[in-house]
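The structure appears right after this line, and notes come after that.
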Amino acid sequence: PDPGSAAFVNAVEMFPAPPELLWNSSVTPVGAAAHADMAQWQQQALETVYRLNVGGPLASKENGTLWRTWLPDDPFLFGPLGISMVNTTNTPIVYDDAAYTREVAPDIIYKTQRATNASAGRLSLQPPLFNVTWAFPAERGAGYLVRLHFCDYELVSSVVGVGIMFNVFIGPDMGTPDLMPTKTIATQANRAFYLDYAATAPIAGGNLTVSIGKSVKSSADEGGFLNG
């Protein structure tokens with residue numbers, strides 16, 4: 001309490017976290033975190049620092065789940081205008097695995113995405129292979145769990161090796177090379193999934209970045225997408 005005042009509490013509510021919310025899939029360590037003891041790391045308490053609805057509006061308890069707030073990603077975008085574009089879908093989102101449910105992220109997150117703008121490379125606004133990057137002010141040398149949400153709106157091709165393929169970077173390090181959602185994870189269009197990464201912020205201070213970019217192995221013009 002302030003001096004001369006009193007402090008009081010009217011009620012306390014506690015809710016169990018859905019089991020699929022934490023540690024359902026493996027965590028990929030990148031950079032300095034690759035040398036950490038992941039079993040011990042996963043026992044640490046987490047504090048939410050950033051939660052973004054990529055390509056979409058503010059998501060709050062009125063249109064989300066678990067009373068969470070997801071901020072628009074625009075203030076965190078790094079780089080020139082025109083290298084990314086926003087895609088949306090009105091098709092129902094598919095949650096067909098116990099690890100991927102609306103409790104992890106609601107429909108509003110998966111119904112918008114920001115993708116690399118292929119025309120930026122064709123018009124020489126950027127080199128043919130370029131990244132879309134988000135920058136997050138981070139605590140110097142601190143460890144972070146980075147959870148990236150994806151939802152591929154395209155129909156799954158029956159031709160082996162055909163489809164979007166892109167790289168995911170956490171900071172300067174490769175998180176997932178040659179990610180091909182329709183081949184490795186999403187067995188149908190509009191299926192929601194996420195990938196977890198353990199990362200360490202730069203010792204010298206500054207931003208922890210997340211980037212997506214086209215793989216040299218991709219047969220599609222697109223260079224990747226991110227939903228949340």
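Owing to the predicted nature of the structure, the values given are computational and were not obtained by experimental measurement.
- Atom CG of L179 sits about 9.0 Å away from atom CD1 of I164, to the nearest 0.5 Å.
- The environment of E103 atom CD is dense: over 12 non-hydrogen atoms of other residues, nucleotides or ligands sit within 6.0 angstrom.
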- prompt: Please walk me through it: do L148 and D196 pass side-chain contact (heavy atoms from CB on, under 4.5 Å)?
  reply: CA-CA 6 Å; L148 303 183; D196 286 342; over 6 Å; no
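- The only option from T28, D173, T176 that meets the side chain to side chain donor-acceptor pair (under 3.5 Å) definition with Y197 turns out to be T176.
- When all heavy atoms are compared, the tightest approach of V104 to H149 is CG1-CE1, 3.8 Å.
- Between the side chain of N117 and the backbone N or O of M85, no donor-acceptor pair lies under 3.5 Å.
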query: When you look at T69 and L58, which way does the side-chain contact (heavy atoms from CB on, under 4.5 Å) test go after all the steps?
result: CA-CA 7 Å; T69 297; L58 174 73; 3.6 Å; yes
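- Formation of a donor-acceptor pair under 3.5 Å by the R68 side chain with backbone atoms of T65 is found in this model.
- Summarising the geometry, atom OG belonging to S215 is positioned 10.0 Å from atom CE belonging to M180; distances are rounded to the nearest 0.5 Å.
- Residues that satisfy the side-chain hydrogen bond (donor to acceptor under 3.5 Å, both in side chains) test with D73, not counting sequence neighbours, are R114, W134.
- With values rounded to the nearest 0.5 angstrom, R51 atom CZ is found 9.0 Å from I109 atom CD1.
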side-chain contact (heavy atoms from CB on, under 4.5 Å) assessment of F169 paired with T209: CA-CA 8 Å; F169 301 89; T209 59; over 6 Å; no
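- No side-chain donor-acceptor contact under 3.5 Å links T116 to the backbone of A118.
- Here the shortest heavy-atom pairing between I108 and A59 reads CG2-CB, 3.8 Å.
- Ring centroids of Y95 and Y100 are separated by 6.0 Å or more, keeping the two rings apart.
- With no hydrogens or angles considered, no side-chain donor-acceptor pair links Y110 and N53 at under 3.5 Å.
- No donor-acceptor distance shorter than 3.5 angstrom exists from the side chain of S211 to the backbone of T133, with no hydrogens or angles considered.
- Separating the CG atom in L226 from the CD atom in Q113 is a distance of 9.0 Å, to the nearest 0.5 Å.
- L77 is connected to V49 through a chain of hydrophobic side-chain contacts under 4.5 Å among Ile, Leu, Val, Met, Phe, Trp and Tyr, so both are in one cluster.
- Between the side chain of D152 and the main chain of E154, a donor-acceptor pair closer than 3.5 Å is present.
- Here the closest heavy-atom approach between residue P72 and residue P57 is recorded as CG-C, 4.0 Å.
- Here the closest non-hydrogen pair linking A115 and N87 is CB-ND2, 3.6 Å.
- Partner of Y50 under the ring pair (Phe, Tyr, Trp, His ring centres under 6.0 Å) criterion, chosen from F136, W70, Y144: F136.
- Hydrophobic cluster membership is shared by V146 and F150, with clusters built from Ile, Leu, Val, Met, Phe, Trp and Tyr side chains linked at under 4.5 angstrom.
- Hydrophobic clustering (side-chain heavy atoms under 4.5 Å, transitive across Ile, Leu, Val, Met, Phe, Trp, Tyr) groups V27 together with L46.
- N167 places a side-chain N or O within donor-acceptor distance of the main-chain N or O of D178, the cut-off being under 3.5 Å.
- Smallest separation of non-hydrogen atoms from A199 and I170: CB-CG2, 3.5 Å.
- In the hydrophobic cluster analysis, where Ile, Leu, Val, Met, Phe, Trp and Tyr join through side-chain heavy atoms closer than 4.5 angstrom, F78 is grouped apart from L52.
- For R140, the side-chain hydrogen bond (donor to acceptor under 3.5 Å, both in side chains) criterion is met by no residue, not counting sequence neighbours.
- A ring-centre distance under 6.0 Å is found for F225 and F166.
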- prompt: Does the pair T200 and L208 meet the rule for a side-chain contact (heavy atoms from CB on, under 4.5 Å), with working shown?
  reply: CA-CA 8 Å; T200 302; L208 179 63; over 6 Å; no
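- Of all heavy-atom pairs spanning A135 and N207, the tightest one is CB-ND2, 3.8 Å.
- From N190, atom CG reaches atom SG of C151 across 4.5 Å, with rounding to the nearest 0.5 Å.
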